[in-house]
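Below is one structure; the comments refer to it alone.
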Amino acid sequence: MSKRKQQSSVIEFERADGAQKRLPTREQMRAWMLAAADVPLEMTVRFVGEEEGRELNGRYRGKDWATNVLTFDYQHEPVAQADLVICTRVLEREAAEQGKSFRAHLAHLLIHGVLHAQGWDHESDDEAEEMEAREREIMASLGLPNPYSDRARGH
């Protein structure tokens, strides 16, 4: 991503999860997200608790549980506009269950959400393979571990 695209990106963070877990800095999370961006981003990332996560997943996906990340993508180009919702408790639980660090799993979920915001998906096996390969490539470029090394599927 060019310097101009990075500078024209607007990324906001909101914390509504009530959790005590300390998050990485906004600058670190922004860097992870920009590593996955092919176009400028206009995004809000909202960290929520399980109740809000369940309510949103139920309302918009018809699923009665809190999921790790939801991407509400509104526009893919020329600027990717989206809201990401991350359920901190689910993130913590999955990281522990999958033997991953909280930080690496959060980086993966942010990258995953940014790719969705640009039109990537994983509905078919071919799409999933392509998206996972891109995620592995971005994570490696950031010096982070392969999020699929144990083939855990949290998305």
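Only a predicted model underlies this, so the values are computations on that prediction, with no experimental measurement involved.
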- Item | Within one Ile-Leu-Val-Met-Phe-Trp-Tyr cluster: M131 and L84, side-chain cutoff 4.5 Å | yes
- Would you sort out whether V48 and I86 count as a side chain to side chain contact (heavy atoms under 4.5 Å, CB included), showing the intermediate values? CA-CA 6 Å; V48 302; I86 294 179; over 6 Å; no
- Query: F102: what forms a ring-ring contact (aromatic ring centres under 6.0 Å, His included) with it, not counting sequence neighbours?
  - Reply: none
- Using a cut-off of 6.0 Å, state whether more than 12 heavy atoms not belonging to E55 lie near its atom CD. yes
- Item | Atom of T71, atom of A82 and distance for their closest heavy-atom approach | CG2-CB, 4.4 Å
- Query: Shared ILVMFWY cluster between L142 and L110, side chains joined below 4.5 angstrom?
  - Reply: yes
- Output for pair (R59 CZ, E52 CD), nearest 0.5 Å, gives 9.0 Å
- Message: If the test is side chain to side chain donor-acceptor pair (under 3.5 Å), which one of H105, K100, R89 qualifies with E94?
- Response: H105
- If you round to the nearest 0.5 Å, how far is CG of L56 from CG of D83? 10.0 Å
- Task: Using the rule that two of Ile, Leu, Val, Met, Phe, Trp, Tyr join whenever any of their side-chain heavy atoms come within less than 4.5 Å, decide whether W120 and V79 are in one cluster.
- Result: no
- Can you name the nearest heavy-atom pair linking E77 to Q75, along with the distance? O-CG, 3.3 Å
- Query: Are V85 and V114 co-members of a hydrophobic cluster defined by side-chain heavy atoms under 4.5 Å apart?
  - Reply: no
- Item | Check: D73 and Q81 side chains under 4.5 Å, non-hydrogen atoms | no
- Message: In the structure I gave you, are the side-chain heavy atoms of L34 and L41 within less than 4.5 Å of one another anywhere?
- Response: yes
- Message: So for atom CZ, which belongs to R26, do other residues, nucleotides or ligands contribute more than 12 heavy atoms lying within a distance under 6.0 Å?
- Response: no
- Message: The test is salt bridge (charged side-chain N to carboxylate O under 4.0 Å, His left out); show your working for E27 and R30 and say whether it passes.
- Response: CA-CA 5 Å; E27 293 78 21; R30 178 179 160 81; over 6 Å; no
- Query: Can F72 and M43 be said to form a side chain to side chain contact (heavy atoms under 4.5 Å, CB included), step by step?
  - Reply: CA-CA 10 Å; F72 297 94; M43 302 180 83; over 6 Å; no
- I would like to know whether R134 and E130 meet salt bridge (charged side-chain N to carboxylate O under 4.0 Å, His left out); could you show each step before the answer? CA-CA 6 Å; R134 181 70 181 124; E130 191 175 333; over 6 Å; no
- Nearest 0.5 Å, what's the CG-OG1 distance between N68 and T88? 11.0 Å
- Task: Decide yes or no for P24 and W32: does some side-chain heavy atom of the first lie under 4.5 Å from some side-chain heavy atom of the second?
- Result: yes
- Between M33 and I11, does a side chain to side chain contact (heavy atoms under 4.5 Å, CB included) hold up when you go through it step by step? CA-CA 9 Å; M33 294 171 71; I11 303 171; 3.8 Å; yes
- Task: Specify whether H116 and H112 have parallel, tilted or perpendicular ring planes, treating 30° as the upper limit for parallel and 60° as the lower limit for perpendicular.
- Result: perpendicular
- Item | D17 side, atom CG; L23 side, atom CG - distance, nearest 0.5 Å | 6.5 Å
- Can M139 be reached from V69 by stepping across I, L, V, M, F, W or Y side chains whose heavy atoms are under 4.5 Å apart? yes
- Nearest-0.5 Å distance that lies between atom OH in Y60 and atom OG1 in T67: 15.5 Å
- Task: Begin with the C-alpha distance, continue with both residues' side-chain angles, and end with the deciding distance and a verdict on side chain to side chain contact (heavy atoms under 4.5 Å, CB included) for R54 and D64.
- Result: CA-CA 6 Å; R54 171 193 265 140; D64 188 28; 3.4 Å; yes
- Message: I need the I111 CD1 to E137 CD distance, nearest 0.5 Å.
- Response: 11.0 Å
- State, to 0.1 Å, how close A80 and A117 come at their nearest heavy-atom pair, and which atoms those are. CB-O, 3.7 Å
- Task: Determine, for R93 against E50, whether the closest basic-nitrogen to carboxylate-oxygen distance falls under 4.0 angstrom.
- Result: yes
- May I ask you to test the E135-L115 pair for a side-chain heavy-atom distance under 4.5 Å? yes
- Non-hydrogen atoms of P40 and S9 that approach each other most closely: CA-OG, 3.5 Å
- Message: Between R46 and E12 (salt bridge meaning N to carboxylate O under 4.0 Å), is one present in this structure?
- Response: no
- Task: Answer yes if the side chains of E42 and Y74 hold a donor-acceptor pair under 3.5 Å, and no otherwise.
- Result: no
